[in-house]
Amino acid sequence: MGLTIAEKIIKSHLVSGEMIKGQEIAIKIDQTLTQDATGTMAYLEFETMGLKRVKTERSVAYIDHNTLQCGFENADDHRYIQSVAKKHGIYFSRPGNGICHQVHLERFSRPGKTLIGSDSHTPTGGGIGMLSFGAGGLDVAVAMGGGAYYITMPKMYKVNLTGKLSPMVTAKDVSLEILRILSVKGGVGAIIEWGGEGVKTLSVPERATITNMGTELGATTSIFPSDEITREFLLAQGRVEDYIPLTADADAVYDKIIDINLSELEPLIACPHSPDNVKKVSELKGVKVNQVCIGSCTNSSYQDLVKVATLLKGKKISEDVSLSVSPGSKQVLTMLSSSGALNDIISAGARILECACGPCIGMGFSPNSAGVSLRTFNRNFLGRSGTKDAGVYLVSPETAVAAALTGEITDPRLISSGVTVEMPKAFSIDDSAVIPPASESDAESLEVLRGPNIKPFPTTYPLEDELKVAVGLKVGDNITTDHIMPAGAKILPYRSNIPYLSKFCFSVVDEGYSERALALKSSVIVGGENYGQGSSREHAALVPLYLGVKAVIAKSFARIHIANLINAGIIPLTFENASDYESVSEGDNLVLEDLYNGIKNGAIRLKNTTTQKELILKCSFTERQIDIIKAGGLLAYTKNQK
Ligand code: MIC
Ligand code: SF4
């Protein structure tokens, strides 16, 4: 039987387990990346493991999220990451060098290799044929130490592309189309492979836009073949030696095949507050727009921004719109500047932001009250922009420019008949903002620099056989990690200070939750379907751990979050019947009995002592996960193993 692209890479990296769908496998990881918002915690965890050097082929620490320095906190964290990286064999990408996924794609990604990153959009690397996963910081720390990465062997879906995109219709519209078809839950448990004749019409950055947004489908990852277009991209990046061809076998078997005819696509838009709330741009014609933001790891490549510059050239933006442009990397910004394209963007009235995540993670540029913001980003969750009542819409750069010029949602085909940008034959290469690690002998004497903002990891406790807990919070379906642990300029600087961060846990949903949970001492959270979708931030598990959360009981979980809960020693449990969700209310007192046997057998008895009802909760853990939960989390488990 033939193999898919992902199966080929998994096969060549398999450390343990069998490639049987639904079973746990462990794979060797060639490269890791971290960003600063998750990185401080990942490196604190790495240090706790007591390892001297990373054992990967390449590990890179990026600073791109927490770049606003409104106090000492972020600057201290940058300095900590820089010093810990230098000491332990990790490359350090300085603030200003760009967004981790964009820079990694340009400079370090390699077809056929494996990558995990402490950021959910790490699958951006799938655009170049690299098998790339978003993971919790602790999993990345383990991989840096040479440990394998554990996943459930996914199902394989194929998206078969035919035709060619029409002018002013883009890779972003392809991402929105697949979200429209599959929804934010549609990719759970699957790797999405992109194939078919239409693949040849897409450049590497366009492919990366698509694999980047595969994260919003809940997919394990997404990947494109590595072909002549990939080779040309690597050649233009001065690293053609990293190229290998990679395609699925003709008789590869897929669990689902979805056909998309690129020629039939129209400009699309995701409406508030979910990336799968997709409509045609033409249906929203005339909606007044206050703000337009162009950038993020989804749409900030050189190709994207040259198109933006071409469309803006010689024009002025509407007086009612504030437009921001954040280039994805220093390479992109340098090339825009030397070609004069930057001038066209500035002259049109844009505000140029630093090469970083910026508004995407609420680091500045929050919209006005009840404002309408069109963004070329990948997430429009409630409150993520920093303005709770703003309406954020996700669009292509072309649709973004159309709105910036007219002041209202406008089909971009009305402002231009199309712009074509040739991929450069040679990108501008200057890796001086990536600081290499010290040699092993020099590293010995190096000091790691810590600021007062860095607080220790929350205390973990080994599992008890019986838990008496109260329901601290009950929430509905599709709760994102932005609900559990919000980000934004005010909170992000405290990513290495769990006690402070805990004050904001679930604050978008219930401002009193944090205090209530602390008072309860021992509690559970009850959730609906797809609990924990979105970001990979392990803080969405570490903060509940600090607040005394022992288990989360939900209808279903998102992949990275369930791994983070287990790593934190919080038990993720599902209702036997979805309707059982109705039998537990906030404030109820529960007893979870015979847990040691229960987590082994996959069924746990729950007594609701408030209503006197009894329920069965389900779980399905591997031996390794059981040991992790019993130990009180991955860190305790790893320490016990030494
Ligand atoms: C995001 O897009 O939500 C983030 C910020 O990049 C997160 C990581 C984080 O929370 O630090 C992600 O996607 O994993
Ligand atoms: Fe940064 Fe936004 Fe990409 Fe997350 S989604 S890595 S915040 S640009």
Side-chain angles (χ1 to χ4, degrees), residues 33-42 61-68 74 77 81 93 95 98-105 116-125 132-137 139-140 175 208-209 211-216 218 221 275 293-301 304 324 326-329 332 353-365 375-386 392 394 480-489 491-496 501 504 532-543 558-561 563-564:
L33 70 79
T34 56
Q35 38 92 336
D36 48 345
T38 53
T40 8
M41 204 40 87
Y62 293 91
I63 306 291
D64 53 1
H65 282 63
N66 290 351
T67 52
L68 285 187
N74 286 342
D77 283 359
I81 294 176
S93 171
I99 306 173
C100 55
H101 308 303
Q102 176 67 25
V103 178
H104 209 84
L105 184 75
I116 67 169
S118 61
D119 190 282
S120 62
H121 290 101
T122 307
T124 312
S132 320
F133 306 93
D139 282 325
V140 177
S175 296
T209 294
T211 57
N212 172 286
M213 276 199 82
T215 300
E216 272 53 64
T221 188
C293 302
I294 298 176
S296 94
C297 56
T298 318
N299 278 122
S300 60
S301 67
D304 279 330
S324 75
S326 2
S329 68
V332 172
L353 306 184
E354 148 170 64
C355 304
C357 301
C360 179
I361 191 58
M363 271 285 165
F365 226 80
R375 301 176 159 210
T376 67
F377 305 169
N378 48 38
R379 289 185 172 149
N380 57 348
F381 303 146
L382 181 71
R384 183 176 163 98
S385 66
V392 175
L394 308 175
T480 72
T481 47
D482 276 274
H483 292 110
I484 308 172
M485 197 52 256
I491 310 179
L492 269 179
Y494 300 96
R495 278 288 179 88
S496 44
L501 215 52
F504 303 93
Q533 67 158 329
S535 141
S536 68
R537 59 189 74 147
E538 61 187 334
H539 302 76
L542 296 179
V543 165
R559 180 187 76 88
I560 305 178
H561 188 60
N564 286 340

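Residue numbers run from 1 in the order of the sequence given. Each ligand, and each atom within it, is numbered from 1 in the order the structure gives. The figures that follow rest on heavy atoms only: side chains count, while hydrogens, waters and symmetry mates do not.
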Give me the residue, atom name and distance of the protein heavy atom closest to atom 8 (C) of ligand 1. Gln35 NE2, 3.0 Å

Who's the nearest protein heavy-atom neighbour of atom 4 (Fe) of ligand 2, and how far? His65 NE2, 3.8 Å

Out of curiosity, Asp64 CG to Cys360 SG, how far, rounded to the nearest 0.5 Å? 10.0 Å

Pairwise side-chain contact, Arg495 with Glu538, heavy-atom cut-off 4.5 Å (strictly under): no

Protein heavy-atom partner closest to atom 10 (O) of ligand 1 - residue, atom, separation in Å: Arg537 NE, 2.5 Å

Is ligand 2 under 4.0 Å from a heavy atom in the side chain of Asp64, in the backbone, in both, or in neither? neither

Tell me the contacting part of Thr298 for ligand 2: side chain, backbone, both, or neither, using a 4.0 Å heavy-atom threshold, strictly below. neither

Distance-only N or O hit between ligand 1 and Asp482, under 3.5 Å: no

Contact between ligand 1 and Arg384 is defined here as a heavy atom of the residue under 4.0 Å from a ligand atom; is it met? yes

So which protein heavy atom does atom 13 (O) of ligand 1 come closest to, and at what separation? Ser120 OG, 2.5 Å

Using a 4.0 Å cut-off to any heavy atom of His101, which atoms of ligand 2 qualify? 6 (S)

Part of Gln35 within contact of ligand 2 (heavy atoms, under 4.0 Å): neither

As a check for students: among Glu538, His65, Met485, His121, identify the option with a heavy atom nearest to atom 4 (C) of ligand 1. His65

Numbered atoms of ligand 1 (with element) below 4.0 Å of Ser536, judged on heavy atoms: 12 (C), 14 (O)

With no hydrogens and no angle check, is any side-chain donor or acceptor of Arg375 less than 3.5 Å from a backbone partner on Ser385? no

If you scan protein heavy atoms around atom 6 (O) of ligand 1, the nearest is Asp119 OD2, 2.6 Å

Any side-chain donor paired with an acceptor under 3.5 Å for Asn299 and Asp304? yes

Checking a contact table here: which protein heavy atom is nearest atom 1 (Fe) of ligand 2, and how many Å away? Cys357 SG, 2.3 Å

Which atoms from ligand 2 have a heavy atom of Ile361 less than 4.0 Å away? 7 (S)

For Ser535 against Thr481, the heavy-atom pair lying closest together: N-OG1, 3.0 Å

What are the atoms of ligand 2, with element, lying closer than 4.0 Å to any heavy atom of Asn378? 5 (S)

I need the nearest protein heavy-atom contact for atom 2 (Fe) of ligand 2: residue, atom name and distance, please. Cys360 SG, 2.3 Å

Output for pair (Leu105 CG, Gln102 CD), nearest 0.5 Å, gives 6.0 Å

Ligand 2 versus Arg379, non-hydrogen atoms closer than 4.0 Å: side chain, backbone, both, neither? neither

Looking at Thr38, which atoms of ligand 1 are within less than 4.0 Å of one of its heavy atoms? 9 (C), 11 (O)

Closest non-hydrogen protein atom to atom 7 (C) of ligand 1, residue and atom name please, with distance? Ser535 OG, 3.2 Å

Please identify which atoms of ligand 1 are closer than 4.0 Å to at least one heavy atom of Ile361. 5 (C)

Can you check whether Met41's main-chain N or O pairs, donor with acceptor, with Ser496's side chain at less than 3.5 Å? no

Can you tell me if, anywhere in Cys297, an N/O/S atom lies at a distance from atom 3 (Fe) of ligand 2 that is smaller than 2.8 Å? yes

Which option wins on minimum heavy-atom distance to atom 11 (O) of ligand 1: Arg495, Arg379, His101? Arg495

Atom pair CD1/CZ of Ile560 and Arg537 - distance to nearest 0.5 Å: 11.5 Å

Per-atom contacts of ligand 1 with Ala37, taking only distances under 4.0 Å to non-hydrogen atoms: 11 (O)

